[in-house]
Amino acid sequence: MAQISVDIERGPDEPASPHQGRHPNTCPVCSSHYRDDELVAALRVCRQCGHHFRLPARERIAQLVDAGSFQEAAADLRNADPLAFVDRKPYTERLTEAELATGLGDAMLVGTASVGGRPCALAVMDFFFMGGSMGSVVGEKFCVAADLAVARGVPLVAVASSGGARMQENVLALMQMAKTVMAVDQVRAARLPFISICSDPTTGGVIASFAALGDVMIAEPGALMSFAGPRVVQQTTGETLPTDFGRAESQLRLGHVDLVVPRAELTAALGRLLQLFAPSTDEPTADAPAPVPPPAGPMGWLRRLFGGAGG
Amino acid sequence: MAQISVDIERGPDEPASPHQGRHPNTCPVCSSHYRDDELVAALRVCRQCGHHFRLPARERIAQLVDAGSFQEAAADLRNADPLAFVDRKPYTERLTEAELATGLGDAMLVGTASVGGRPCALAVMDFFFMGGSMGSVVGEKFCVAADLAVARGVPLVAVASSGGARMQENVLALMQMAKTVMAVDQVRAARLPFISICSDPTTGGVIASFAALGDVMIAEPGALMSFAGPRVVQQTTGETLPTDFGRAESQLRLGHVDLVVPRAELTAALGRLLQLFAPSTDEPTADAPAPVPPPAGPMGWLRRLFGGAGG
Amino acid sequence: MVRLTEEVHRLRRRFQERGEESDVWEVVQNARHRDRPYTLDYAERLFTDYVELHGDRVGGDDPALVAGIATYHRRCVVFLGHQKGRDLTERTHRNFGMARPEGYRKAIRAIELADRLGLPILTFIDTPGAYPGVGAEQGGQAGVIARSILALARADVPVVCAVIGEGGSGGALAIAVGDRVLMQENAIYSVISPEGCAAILWKDAGQAKKAAFAFRPIARACLDLGVIDAIVPEPPAGAHRDHDRAARLLDDAIRGALAEVEAEPAASRRSRRRAKFRAMGVWGMAEPDAAPAIT
Amino acid sequence: MVRLTEEVHRLRRRFQERGEESDVWEVVQNARHRDRPYTLDYAERLFTDYVELHGDRVGGDDPALVAGIATYHRRCVVFLGHQKGRDLTERTHRNFGMARPEGYRKAIRAIELADRLGLPILTFIDTPGAYPGVGAEQGGQAGVIARSILALARADVPVVCAVIGEGGSGGALAIAVGDRVLMQENAIYSVISPEGCAAILWKDAGQAKKAAFAFRPIARACLDLGVIDAIVPEPPAGAHRDHDRAARLLDDAIRGALAEVEAEPAASRRSRRRAKFRAMGVWGMAEPDAAPAIT
Ligand SMILES: [Zn+2]
Ligand SMILES: [Zn+2]
């Protein structure tokens, strides 16, 4: 799964290409350069400055879930270009290019998996497929993930990475916002937790629909999470933007996010949440005589991270 | 029902007496002075500057509801001084003084009434009974009003006027906040509207309980509606207070109130709301061919007031 | 190869018959016409009486989104809608119909009020989009839009929505999730403004006409795509020419739609509404072991 | 004349046996002791594991009120509590446990999350009161307190509350409405601080000792008045002397209370909770045609 530079569609204020003017393996913050295998081994996090590179969906799944546990669903859904849309090139051509470049049928993979031995339904977006934009297929796939969560009685976990709704499907893309929100409601009605993980970027119609509705909202460091992108805000209002406008850290400060979790710690954090939410019937029946004191050591980050009792 | 100057209990930041240093019939804003009958005829609103004087509960009811429609309930509830409380004088003595001065058993009257021919349950507070403070009797009476609303399937209307909870009953007074909120919940569960009218002052434990939970929140002009009083805020934080701190007009601007309605227009506004909320089965059965155009004329204030279609 | 149903093929063929660019652009201009009736113009005409509610109970009241209680054909309803201003002062006051988080929070409050009291909800959609300001973003614009959609999705009461002007993006959808969604003849509904679309896809906001023609934000297309339930006729040459007549036509449509929804069983209303939106979207199936392509 | 029941007479007699002023004041000082365990000290000891949730989804996160998900004796629970700080930096950061509207909005969010997922709620009360700042008032301090009470009132899940330090006024009550309300031996619970009460009734904040003695914010009085369900013992000389032991005693009490509530039928939990609070209050009946007086 090599990183490729496609002419993706983005929020109007994203740079014209995610790697504009630089190699995709060059850190945009500190200009460190990595071989592809180095970057993959480092979870695509810059060892020098901690910058989180965007992560293809399959790499995300490989990092996040128990090895071999992912069972893909709805893999054969493909876009149908209902509007027979053409801008400077036909939508069908963009879809074909994206599929060839990413090996994905659309910008989301869904299925079931386990994390730390705890089962969940999973929906993971891929920014490299047309900017992770949400059209009919992404919307339907998210609903399939929600269906799986409800059918199996397991939590739903989503990893968003998207510039927003897919313009080439216009109102149909817009309706996916309603559709995915209703899927979250369906999970809620089944009394199951929904954990929403936002990576860079989670903007537009995705952060304004399912991605904002996590019972627990997790963001990766530096992830842009605004509805309107910084450039639109700047151009429309003429306001001066704070340097961390819309970024995960400011979203945490402003109360829109529960946790900002570095990628290296995401699997443990997610596993810990799934463990917390797990029904008590899954536990050993003998009651512990007293709560277990938190261990010190390598999991100390969890204490730091959560302000909690540690791993 | 003469206005009297009692040594009432207030939020810690109210002036030591509601009329300190001036006659109760002298306007604190423009110093106009009125005979008692003049003031009653003017609904206790200053003809010069529009200042709304505080209104005894029986005068409020007389102004607000259809003549003769008020049926009092729970009139025989009296305080029992459970803590056998004594500060500089015994609580029992304060209660006796307040009852003698106001002719009321406690700081709230409840019952049923109609406004513009529409039935409702009613709870009206009286600031002149120990600063309108909420103790066991006020809490229980409010619950009786809620019971009446539910039993008769009519909206609940409350007119608050209170410095907050009654210190002399300590935790029991505090619990009246929970108790009255639960009474509102009971009205909500019965799918009945609750209209909360806040007059000056509605502060402390009263604005932080039932009075804040109106489906429609109405305030009289200039009514103080803060949780902490201005003096406490000033003394605790050292912050400079805006001149309209906590007042109805700023509460409207800040989104905490739906409507600020002058006393002279309150009956019409309440009647209109009760009419709007009235079940359609009360209406004539013949369907109007087209909506009735709003009349012009003396009810024009309603248009101004509500930004709506007029009376 | 992607396998498409015959229905999708029909849809694609219909969209390939594109008509005239100028016709689409005329609708866009009508939808934005400054004499077009706004939410409160319809409120004055559709409702026997109404009272506006104010405030989000958090820190503000947004004049760009109005909500209230009304009498609509002898029943109590809750209404909400974007509100534009006609003259410069009011347009500024109303922020050109671009709501902030406090507006959507007011909407959520009104929706929850309606649901609690068992009152039908009528919504009027007319916004270029949610306001893209720093303060609005910091106040959680994205989250309130999601929660407004959720509130409408969860309501057990009938919800009838009418797109009466510009149905711009998530800011429009936030109050456009209903059992019936109506759309006026000259209204538009789209995921982004034609200008925004042109700026991104054509790299030139001046190509808005071309973009509008390509993504067709018009009622006919929305109906074909199953996104709306009915097109509401307007007076000849547009609603802006005759507010009273436009209101009567809208009234007929809303009244009929509401009566239909009220006649449906209430207990399953939420699940029917969810099923309706779940069906929105068009896709095909990958043919196994074939090259990716749509033909 | 006011007619009182024999029970009320007994209550009044009990309160007339006032004990020692210094004993009451010692409890007030213990409740405020800066070495007293705070909410997160108990969270560390009572929960197998926990994760704090952050933010009100509106514009802030309040460190003075914490909320989270935890494992409590093999079940998932939601907890919330006021949080004071121990050293000066943290005390300032935590605003001395005085929550702002964003704190109560976070509490409401946590309560609704628990109710949605069917998780019991544990609350820890320890605040001098809600923060009386201009911004807090403008952000609707009164309304969020009322709505936090309402959220707890409406929850269908078990709610167990523990007053672990200062239970100050509406800011405390906002998260203290439960099926069981426990109170530690050295905790206090009152409608206003002793200092505030003295300032108003004695016109002298220095008379706080006297005020505390008069209005008796102590656990024994709260139990006599039916406001709390049980007193939780502390280690000798107070919880601040032995956090671990204080936690074990609190754990025993909460665990027992929660098990009791869980054993009760869930369908009628809200109405039972409402009945419990409805019963709070003491009053008499006026004797007809008699002078107003209590004897
Ligand atoms: Zn770097
Ligand atoms: Zn005057």
Side-chain angles (χ1 to χ4, degrees), chain A residues 9-10 12 76-88 92 95-96 99-100 105 136-137 139-140 143 165 167-179 181-182 184-186 204-205 207-210 212-213 225-228 232-233 236-237 239 241-242 245-246 250 254 256, chain C residues 2 4 8 11-13 15-16 130 132-134 136-143 145-147 149-150 153-154 169-170 172-174 176-177 189-192 196-197 199-203 211 214-217 221-222 225 227 273-274 277-278 280-286 288 292-295:
Chain A
E9 305 321 324
R10 301 137 266 106
D76 51 355
L77 295 195
R78 290 294 182 282
N79 248 287
D81 184 23
L83 276 74
F85 189 91
V86 181
D87 51 270
R88 289 168 306 149
T92 51
L95 287 167
T96 306
E99 182 161 353
L100 288 170
S136 296
V137 171
E140 179 62 18
C143 291
M167 274 171 293
Q168 290 88 347
E169 296 185 38
N170 194 14
V171 277
L172 280 185
L174 186 63
M175 292 307 121
Q176 305 313 308
M177 291 173 65
K179 186 167 159 171
V181 167
M182 286 172 165
V184 173
D185 188 38
Q186 186 187 337
I207 189 62
S209 62
F210 71 88
L213 296 177
M225 298 175 67
S226 60
F227 179 53
V232 163
V233 173
T236 310
T237 67
E239 296 176 273
L241 270 55
F245 175 84
S250 78
L254 291 165
H256 303 305
Chain C
V2 177
L4 303 180
V8 176
L11 196 61
R12 285 174 50 81
R13 278 194 299 272
F15 276 93
Q16 274 152 356
V134 172
E137 287 286 344
Q138 292 181 331
Q141 192 72 285
I145 290 172
R147 279 186 284 279
I149 296 169
L150 184 64
R154 294 180 63 81
S169 189
L173 181 71
V177 175
Y189 201 6
S190 58
V191 72
I192 188 171
C197 180
I200 299 170
L201 295 187
W202 278 265
K203 315 285 178 203
F215 80 4
R216 303 177 79 79
C222 292
L225 291 166
V227 161
R273 195 184 298 136
R274 188 186 291 160
F277 279 83
R278 175 70 183 258
M280 292 184 193
V282 173
W283 57 85
M285 293 292 192
I294 296 171
T295 50

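A note on names: the letters A, B, ... follow the listed sequences, proteins ahead of strands, and every chain is numbered from 1.
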Do [X] side-chain atoms and [Y] backbone N/O form a donor-acceptor pair below 3.5 Å?
| X | Y | value |
| --- | --- | --- |
| A:H256 | C:A142 | no |
| A:E140 | C:G281 | no |
| A:E169 | C:V282 | no |

What is the minimum heavy-atom distance between [X] and [Y], and which atoms define it?
| X | Y | answer |
| --- | --- | --- |
| C:G133 | A:E239 | CA-OE1, 3.4 Å |
| C:L4 | A:A80 | CD2-CB, 3.4 Å |
| A:A212 | C:R147 | O-NH1, 4.1 Å |

Can you tell me which portion of C:R273 sits under 4.5 Å from chain A's heavy atoms? Options are side chain, backbone, both or neither.
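Both parts, heavy atoms under 4.5 Å.
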For C:V134, is it the side chain, the backbone, both, or neither that has a heavy atom closer than 4.5 Å to a heavy atom of chain A?
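For C:V134, backbone and side chain are both near chain A.
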Taking C-beta and beyond as the side chain, do [X] and [Y] meet within less than 4.5 Å on heavy atoms?
| X | Y | answer |
| --- | --- | --- |
| C:Y189 | A:M175 | yes |
| C:F215 | A:Q168 | no |
| C:Q141 | A:S226 | no |
| C:R12 | A:D81 | yes |
| C:W283 | A:D76 | no |

C:G170, C:S190, C:A174: which one forms the most heavy-atom pairs within less than 4.5 Å of chain A?
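Answer, by heavy-atom pair count under 4.5 Å with chain A: C:S190.
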Looking only at heavy atoms and a cut-off of under 4.5 Å, which of C:C197, C:A286, C:G140, C:A153 has the most pairs with chain A?
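That would be C:A286.
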Residues two or more places apart in sequence or in another chain: which of them pass ring-ring contact (aromatic ring centres under 6.0 Å, His included) with A:F210?
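For A:F210, the residues satisfying ring-ring contact (aromatic ring centres under 6.0 Å, His included) (neighbours in sequence not counted) are A:F142.
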Please evaluate residues C:R274 and A:K179 with respect to the criterion side chain to side chain contact (heavy atoms under 4.5 Å, CB included), reporting the C-alpha separation (whole Å), side-chain torsions for both, the decisive distance (0.1 Å), and the verdict.
CA-CA 7 Å; C:R274 188 186 291 160; A:K179 186 167 159 171; over 6 Å; no
Which atoms of [X] are under 4.5 Å from chain C, going by heavy atoms: the side chain, the backbone, both sets, or neither?
| X | answer |
| --- | --- |
| A:L83 | both |
| A:T236 | side chain |
| A:V181 | both |

So, using side-chain contact (heavy atoms from CB on, under 4.5 Å) as the criterion, who are the partners of C:S169 when residues are at least two apart?
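Here the qualifying residues are A:F227.
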Could you check A:M182 against C:V177 for side chain to side chain contact (heavy atoms under 4.5 Å, CB included), going step by step and ending with a plain yes or no?
CA-CA 10 Å; A:M182 286 172 165; C:V177 175; 3.4 Å; yes
Go through it in stages, so that I can follow the logic: the residues are A:V171 and C:V191, the test is side chain to side chain contact (heavy atoms under 4.5 Å, CB included), and I'd like the CA-CA distance, side-chain angles, deciding distance and then a yes or no.
CA-CA 6 Å; A:V171 277; C:V191 72; over 6 Å; no
